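Hydrogens, waters and symmetry mates play no part in the numbers below; they use all other heavy atoms, side chains included. Everything numeric here is computed off the predicted structure, so don't read it as measured data. Proteins get letters first, then strands, A, B, ... in listed order; numbering begins at 1 in each.
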Amino acid sequence: MSEKSSYSVNLPQTTFPMKANSTVREVEIQKFWDEQKIYEKNLENRQANTKFVLHDGPPYLSSSKIHIGTALNKILKDIVTKYKAIKGFYAPYVPGYDSHGLPIENAVLKDVKGGRHSMSPVELRKRCKEFALSNLKGQEANFKRLGVWGDWEHPYVTLDARLEAEQIRVFGKMAAAGFLYKGLKPVSWCPNCETALAEAEVEYADHTSDSIYVKFPVSPESRAKLPEAVKNEDDVSFVIWTTTPWTLPANLGVALHPDFKYVFVKVPGHGVLVCSEALKGAVLAAASVDEASTQVLASATGKELELIECKHPFIDRKSLVINGEYVTNDTGTGCVHTAPGHGPDDFIVGAKYKLGVVSPIDGRGIYTSEAGQFANTRYDKANQPIVDHLQELGKLLAHSKLTHSYQHCWRCKKPLIYRATEQWFASVDGFRKQALQAIDQVEWLPASGRNRIFSMVEKRSDWCISRQRSWGVPIPVLYGKKTGKPLLREDVINRIADVFEREGSDAWWIHDASYFLQDGFTADDGSTEFDKEMDIMDVWFDSGVTHASVIDARPELRGTPCELYLEGSDQHRGWFQSSLLTSVAVQNRAPYKTVLTHGFVVDESGRKLSKSLGNGVEPDEVIKQYGADVLRLWVASVNYTDDIPIGKNMLAQLAEVYRKLRNTARYLLGNLNGFDPAEAVSYDELNEIDKYILHRLQEVVKQVEVDFDRYEFFKYYQVLQNFCVVDLSSFYFDIIKDRLYTSARKSVSRRSAQTVLYEVLQVLVRLLVPVTPHLAEDIWSHTPENLRGKETSVLLVDFPKVNEAYKKPELDAFWDDLISVRYVVNKALEQARASRKIGSSLEAQVVLQVEKKEVADKLLSLSDNLTGLFITSQAAISQNGAAGDNGHLADVSESGVRVLVLPAKGQKCARCWKFSEKIGHNANYADLCDSCSEAVVADS
RNA sequence: UGCAUGGUAGCUCAACUGGUAGAGCAUUCUGUUGAUAACGGAACGGUUGCAGGUUCGAUUCCUGCCUAUGCAACCA
């Protein structure tokens with residue numbers, strides 16, 4: 001280096017490192033937040049303010065590690081609560097966990113020899129609890145590492161005795177309101193999990209079934225009811241079609257559509273067959289019968305055939321011909337096999353005709369003795385024997401395999417059956433109208449969510465809340481030992497709740513029924529001895545009542561309704577709905593004011609993430625490579641209302657943006673070194689470009705505020721990024737470097753720039769808080785106290801307010817013109833550079849010819865600052881003629897501006913590197929330009 | 001199968017009630033070496049999913065299709 005470099009220049013200086021070193025630094029910062037109790041302090045500071053409560057939808061504790069989708073959800077929630085907090089709201093966040101239920105019980109049982117029947121319920125529950133709580137520890141660590149703040153010391157867990165007790169109390173209220181009943185109904189049943197399932201737990205997948213056509217002969221006693229032409233035929237059969245041969249033992253009827261036309265077809269070798277006219281061809285084809293050999297003897301509507309009796313094909317029992325509107329002519333025969341024990345439609349129509357219910361299958365899917373010769377066979381193993389048996393009896397008309405969509409258990413993925421059993425139901429019918437009204441009191445974001453949940457609630461049937469398992473909250477019902485009558489009294493149920501609150505719900509399995517009743521208790525029906533209901537509640541009930549057991553029960557949450565629920569869009573049929581239904585049932589209103597939903601994470605080509613595709617993204621791996629803030633930035637960068645893409649490419653780009661934000665802050669801090677806000681330049685004295693940036697800054701604040709308020713974080717991301725890159729880094733920062741580095745340290749022009757940098761820093765660090773809190777805190781911790789005030793954590797400061805005094809919309813128009821001129825100048829300079837005429841732009845002078853006078857005037861008004869705008873050594877505006885046309889290095893015309901690039905005049909100043917004709921006037925500094933020598937003198 | 005929502009540069013997003021498609025990132029070239037594992041400049045890149053229609057003019061409105069995702073149904 002030459003001696004010239006010894007001239008003092010005011011270079012940036014800061015302790016804020018360029019590299020994030022996130023794996024270490026983020027953890028340090030999180031420790032600082034922990035130790036300083038930042039979350040608690042925030043709440044304390046905001047205690048008197050308006051509340052904004054986001055109620056956490058509890059993640060399920062079946063795994064100790066969170067998925068990327070769970071991370072996304074938690075980060076979104078955290079962005080919201082942090083934003084609301086710095087906006088001044090009282091915004092507590094209590095994390096929750098969903099701890100009961102089948103998947104956990106199954107996971108625990110997987111390692112138990114002998115299965116669920118080999119240990120007592122209390123022992124099993126103990127193991128489930130241990131399993132759930134150990135997973136909680138893992139998930140909690142994952143969540144904290146994301147930088148999520150909240151009351152981690154006191155999360156809510158559905159297995160907590162107090163929550164269980166509140167849940168029981170809600171059950172009691174619903175019982176008192178008459179919304180709970182016990183009924184025999186076919187429900188979706190998983191023979192593998194041995195329990196009933198709710199609608200929300202059913203999913204559809206392809207399944208191959210036996211497709212059979214079966215003859216149901218008309219009883220001799222009913223022949224009189226047949227049409228005249230076939231009265232004397234001795235072999236008349238209704239033909240049904242089914243894909244579930246195993247339900248035939250439960251058959252009690254044959255359903256016809258009342259308005260369809262049915263035909264009586266004489267078929268060689270099969271007697272007379274009855275099917276709908278529309279399906280005759282298909283039926284005969286299935287039976288491989290040549291239609292030409294057949295003869296239609298008669299026809300009748302379904303209505304006319306109602307109440308004819310048939311014989312069950314292989315059981316000595318009647319099967320009644322009935323009418324049902326649900327019968328279609330799409331497939332089958334138009335005659336529908338009806339087994340009220342195995343189908344919802346069948347059940348309803350069966351009740352109408354008083355067919356009764358036969359459901360000869362136990363909880364494991366095995367035929368009971370009611371099934372006669374098929375007893376002790378598992379239902380799915382019975383298909384073939386039944387088909388064979390029908391064949392032997394000559395009742396089988398056709399048989400083939402059919403692959404179709406069929407209901408499966410969403411937990412164990414095995415096929416489900418419909419099975420009529422005694423279950424507890426919440427009567428949605430009882431409060432459907434109120435629920436639908438409540439839906440319209442809620443703001444749904446995006447708005448399509450409203451229709452989604454509305455139509456679901458509108459159509460859903462009663463909610464089956466019984467589960468025949470051990471890991472859950474018991475259904476708190478006692479039955480009179482002799483009468484079998486359920487005791488649905490709220491006072492009794494509340495007494496049970498009190499016991500649970502003291503002892504936990506294990507008490508239900510430990511104590512006799514009498515323990516839960518007052519001594520000498522006598523029920524209305526005279527019962528004094530009781531049995532306990534041994535079913536537990538659907539887990540959706542657990543999480544569904546947290547509006548009561550958490551929001552209303554914890555004083556710091558200040559009661560329902562809360563401001564926001566924020567979950568994946570699948571929760572319209574899950575938690576949003578279970579919460580709504582229970583809340584409407586006991587309070588006649590929704591528990592939330594706004595429901596915000598997000599989509600699902602997919603890979604960069606839009607495919608679902610799955611282990612088999614190998615396109616999964618693990619949150620902890622992203623954090624290890626890039627840090628939590630980059631993952632959070634990802635969440636903020638995408639429009640999460642649709643599918644949310646993630647992948648290596650995206651993360652790498654996000655890491656770039658993170659670095660840009662970081663370096664922007666580093667520039668601010670570095671150039672504010674030694675600045676004291678007391679030295680700030682008054683607004684009127686500011687340089688024009690400085691005023692412009694202050695104005696832009698206000699626009700950014702306003703825009704960001706709008707974007708956050710609308711939960712449109714991806715817009716915030718774009719605005720922030722554009723501001724940092726376009727307005728600051730490539731424009732303002734580049735231009736003011738000259739002033740910052742070479743003007744006298746305390747000169748007005750330097751302080752003018754610093755005044756703006758100071759304002760920008762104040763705003764920027766605050767705007768970073770919700771999305772990249774670690775970065776914001778890191779900046780804060782490296783900001784001198786005289787610049788940031790006494791507050792030790794940036795999480796405790798307030799969101800910036802738009803400073804009206806800085807808003808000057810006219811500056812936009814002014815600078816838009818100058819900036820487009822600057823583009824042309826840059827092109828010209830680049831041309832000169834490409835032809836190796838110049839390197840640095842300071843080696844050039846530019847001469848501009850400007851068509852529009854107003855633009856020329858704007859340029860002229862900048863006077864000395866014009867060179868700063870272009871970062872050249874000289875710049876001149878020539879309105880008429882082509883001054884300096886000779887010897888130019890480049891000549892570019894565009895958008896009304898002609899730019900000539902010429903070699904800079906004079907010599908290069910050793911300090912500011914600009915070329916000048918005023919060099920060496922101060923003998924002490926022979927190689928410095930005038931302004932530099934003045935600056936050096938001033939600073940020495 | 002029906003309903004809903006989306007389909008704009010390699011990637012993430014723009015374009016107010018129809019008016020010549022814009023940013024950033026990435027890529028390539030390049031300058032600087034006083035934000036330096038940083039910063040600047042330029043270039044490349046789109047018949048806005050496809051096909052029609054309305055209009056002087058459509059990414060924007062209408063119809064159909066394709067495609068992605070979600071939901072419902074596909075029961076017997």
Side-chain angles (χ1 to χ4, degrees), chain A residues 5 7 9-14 18-19 204 211 240-244 247 254-255 324 326-328 330-339 342-346 404-407 418 446 448-449 451-453 455-456 459 568-570 572-573 597 599-600 602 604-608 634 637-639 641-643 645 647 649-657 659-660 662-671 712 714-715 717-726 729-731 733-734 737-738 740-742 823 825-827 829-831 833-834 836 838-843 871 911-913:
Chain A
S5 64
Y7 289 118
V9 185
N10 300 307
L11 292 181
Q13 216 179 320
T14 175
M18 187 154 67
K19 291 201 74 177
Y204 285 81
S211 159
I240 63 95
W241 173 67
T242 183
T243 55
T244 50
T247 61
V254 175
Y326 59 91
V327 176
T328 67
D330 302 338
T331 49
T333 66
C335 309
V336 176
H337 152 56
T338 300
H342 292 305
D345 283 339
D346 303 25
H404 61 142
S405 175
Y406 187 81
Q407 56 169 3
Y418 276 111
S448 56
N451 290 342
R452 195 157 160 186
I453 192 164
S455 65
M456 282 178 187
K459 280 184 279 187
S569 58
D570 58 335
H572 285 107
R573 77 162 174 175
T597 54
F600 292 93
V602 296
E604 283 172 317
S605 39
R607 293 173 308 177
K608 285 182 211 176
W634 162 67
S637 74
V638 291
N639 179 350
T641 51
D642 282 323
D643 293 337
N649 181 29
M650 276 177 74
L651 287 166
Q653 290 188 27
L654 286 156
E656 286 297 316
V657 175
R659 279 178 38 208
K660 192 68 188 182
R662 194 175 175 89
N663 279 314
T664 301
R666 189 158 184 268
Y667 181 98
L668 294 168
L669 286 172
N671 286 296
E712 293 175 334
F714 61 98
K715 290 187 178 165
Y717 169 85
Q718 301 279 337
V719 166
L720 193 69
Q721 190 194 188
N722 269 286
F723 180 65
C724 287
V725 175
V726 180
S729 191
S730 72
F731 181 67
F733 284 180
D734 217 24
K737 266 199 268 188
D738 179 55
L740 290 169
Y741 295 176
T742 70
Y823 277 123
V825 170
N826 276 337
K827 276 190 191 176
L829 289 170
E830 187 61 23
Q831 207 176 78
R833 194 175 289 129
R836 308 245 160 243
I838 60 165
S840 160
S841 59
L842 288 175
E843 293 167 26
I871 319 184
R911 183 164 172 275
C912 70
W913 298 344

Enquirer: If you look at every strand shown and take non-hydrogen atoms under 4.0 Å, does A:R836 touch a base, only sugar-phosphate, or nothing?
Expert: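 Sugar-phosphate only.
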
Enquirer: If the P atom of B:rU55 is compared with that of B:rA42, how far apart are they to the nearest Å?
Expert: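 It comes out at 43 Å once rounded to the nearest Å.
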
Enquirer: Quick one: the dot-bracket string of RNA chain B, using Watson-Crick and G-U wobble pairs with both distances under 3.5 Å, [ ] for crossing pairs and | for bases paired to another strand.
Expert: (((((((..((((.....[..)))).(((((.......))))).....(((((..]....))))))))))))....

Enquirer: Below 4.0 angstrom, N of the basic side chain to O of the carboxylate: do A:R573 and A:D570 qualify?
Expert: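 Looking at A:R573 and A:D570, the cut-off is not met.
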
Enquirer: Heavy atoms only, 4.0 Å cut-off, all strands: where does A:E656 land among base, sugar-phosphate and nothing?
Expert: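 Sugar-phosphate contact only.
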
Enquirer: Which heavy-atom pair separates A:S569 from A:F600 by the least distance, and what is that distance?
Expert: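 That would be OG-CE1, 3.8 Å.
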
Enquirer: Let me confirm one number: the SG-CG distance from A:C912 to A:L842, rounded to the nearest 0.5 Å.
Expert: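 It comes to 8.0 Å.
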
Enquirer: Test of understanding: with ring pair (Phe, Tyr, Trp, His ring centres under 6.0 Å), list the residues that count as partners of A:H337, not counting sequence neighbours.
Expert: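 Scan of A:H337 (ring pair (Phe, Tyr, Trp, His ring centres under 6.0 Å), adjacent residues dropped) gives none.
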
Enquirer: Just how far, in rounded Å, is P of B:rC13 from CG of A:N639?
Expert: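 In whole Å, B:rC13 P lies 6 Å from A:N639 CG.
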
Enquirer: Roughly how many Å is it from CG in A:N722 to C1' in B:rA15, rounded to a whole number?
Expert: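 Computing the A:N722:CG to B:rA15:C1' distance gives 13 Å.
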
Enquirer: Among B:rC25, B:rU36, B:rC13, which nucleotide sits nearest the side chain of A:M18?
Expert: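 Out of B:rC25, B:rU36, B:rC13, the nucleotide with an atom closest to A:M18's side chain is B:rU36.
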
Enquirer: Could you give the CH2-to-P distance, from A:W634 to B:rC11, as a whole number of Å?
Expert: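 Spelled out: CH2 on A:W634 to P on B:rC11 is 17 Å.
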
Enquirer: Nearest to the side chain of A:P12, which nucleotide is it out of B:rU12, B:rG24, B:rA35?
Expert: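 In terms of side-chain proximity for A:P12, the closest of B:rU12, B:rG24, B:rA35 is B:rA35.
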
Enquirer: Kindly give the heavy-atom pair with the smallest separation between A:K660 and A:T664, and that separation in Å.
Expert: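 Answer, listing the atom of A:K660 first, then A:T664: O-OG1, 2.7 Å.
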
Enquirer: On a whole-Å scale, what distance lies between the P atoms belonging to B:rC39 and B:rC44?
Expert: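 Comparing P positions in B:rC39 and B:rC44 gives a spacing of 24 Å.
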
Enquirer: Kindly give the atom pairs (protein nitrogen or oxygen, nucleotide nitrogen or oxygen) under 3.5 Å for nucleotides 2-10 of chain B.
Expert:
residue: B:rG10; atom: N2; partner: A:Q653; partner atom: NE2; Å: 3.0

Enquirer: Measuring only the P atom in each nucleotide, how far is B:rA23 from B:rA43? A whole number of Å is fine.
Expert: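 Those two atoms are separated by 11 Å.
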
Enquirer: Could you check whether A:G332 gets within reach of a base, just the sugar-phosphate, or nothing at all, counting any heavy atom under 4.0 Å?
Expert: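 The answer is nothing, as A:G332 stays clear of every strand by at least 4.0 Å.
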
Enquirer: Nearest-Å distance, CG (A:L11) to C1' (B:rA35)?
Expert: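 Atom CG in A:L11 sits about 10 Å away from atom C1' in B:rA35.
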
Enquirer: Could you check whether A:V638 gets within reach of a base, just the sugar-phosphate, or nothing at all, counting any heavy atom under 4.0 Å?
Expert: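 Result for A:V638 = sugar-phosphate.
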
Enquirer: Look at A:Y717 and B:rG24 and indicate whether a side-chain polar atom (N or O) is within less than 4.0 Å of OP1 or OP2.
Expert: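 False: A:Y717 side-chain N/O out of range (4.0 Å or more) of B:rG24 OP1/OP2.
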
Enquirer: Under 4.0 Å, counting only non-hydrogen atoms across every strand here, what does A:P645 touch: a base, just sugar-phosphate, or nothing?
Expert: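 It contacts sugar-phosphate atoms only.
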
Enquirer: Looking only at heavy atoms, which two atoms of A:Y741 and A:R911 are closest? And how far apart?
Expert: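 Shortest heavy-atom separation between A:Y741 and A:R911 comes out as O-NH2, 4.0 Å.
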
Enquirer: Using a heavy-atom cut-off of 4.0 Å across all strands, would you classify A:Y667 as base, sugar-phosphate, or nothing?
Expert: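 A:Y667: base contact, heavy atoms under 4.0 Å.
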
Enquirer: P atom, B:rG57 versus B:rA21: distance in rounded Å?
Expert: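 The same atom, P, in both gives a distance of 16 Å.
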
Enquirer: Quote, to the nearest angstrom, the C1' distance that separates B:rU30 from B:rC56.
Expert: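 Each nucleotide's C1' atom is 45 Å from the other's.
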
Enquirer: Within the 4.0 Å limit for protein heavy atoms, which parts of nucleotides 71-76 of chain B are touched? Write it as a string from 5' to 3', B for base, S for sugar-phosphate only, - for none.
Expert: SS-BBB

Enquirer: List the atom of A:G449, the atom of A:H572, and the distance in Å for their closest heavy-atom pair.
Expert: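 Smallest heavy-atom distance, with atoms named: CA-NE2, 3.5 Å.
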
Enquirer: If the condition is side-chain contact (heavy atoms from CB on, under 4.5 Å), which residues does A:N826 pass it with, not counting sequence neighbours?
Expert: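 A:N826 satisfies side-chain contact (heavy atoms from CB on, under 4.5 Å) with A:R822, A:L829 only.
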
Enquirer: Hey, could you give me the OG1/CD1 distance between A:T597 and A:I453, rounded to the nearest 0.5 Å?
Expert: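 Separation between the atoms: 10.5 Å.
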
Enquirer: With the threshold set at 4.0 Å, does a side-chain nitrogen-carboxylate oxygen contact exist between A:K827 and A:E830?
Expert: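 Judged by the 4.0 Å cut-off on N to carboxylate O distance, A:K827 and A:E830 do not form a salt bridge.
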
Enquirer: Base contacts versus sugar-phosphate-only contacts with protein, heavy atoms under 4.0 Å: please encode nucleotides 39-46 of chain B as B, S and - from 5' to 3'.
Expert: SBBSS---

Enquirer: What interatomic distance, in whole Å, is found between C1' of B:rC3 and the corresponding atom of B:rC74?
Expert: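 It works out to 14 Å between them.
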
Enquirer: What distance, rounded to whole Å, do you find between the two C1' atoms, one in B:rA9 and one in B:rG24?
Expert: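 About 12 Å, rounded to a whole number of Å.
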
Enquirer: At under 4.0 Å between heavy atoms, what does A:W913 touch on the DNA or RNA strands: base, sugar-phosphate, or nothing?
Expert: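 Base, at least one base heavy atom under 4.0 Å.
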
Enquirer: What does A:N451 touch in the nucleic acid at a heavy-atom separation under 4.0 angstrom: a base, only the sugar-phosphate, or nothing?
Expert: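 The residue A:N451 makes no contact with any strand.
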
Enquirer: If every non-hydrogen atom of A:N671 is compared with every non-hydrogen atom of A:P12, which pair is closest and at what distance?
Expert: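 That would be OD1-CB, 3.8 Å.
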
Enquirer: Could you tell me how far B:rA73 sits from B:rA14 if I compare only their C1' atoms? Round to whole Å.
Expert: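 Between the two C1' atoms, the distance is 38 Å.
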
Enquirer: When rounded to the nearest 0.5 angstrom, what is the spacing between OH in A:Y418 and OG1 in A:T244?
Expert: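 Going from the OH atom of A:Y418 to the OG1 atom of A:T244 covers 11.5 Å.
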
Enquirer: Could you state the CG-C1' distance from A:L842 to B:rG31, rounded to the nearest angstrom?
Expert: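 In whole Å, B:rG31 C1' and A:L842 CG are 12 Å from each other.
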
Enquirer: Take the protein atom CD of A:Q721 and the nucleotide atom P of B:rC11, then report the distance between them rounded to whole Å.
Expert: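 Those two atoms, CD and P, are 16 Å apart.
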
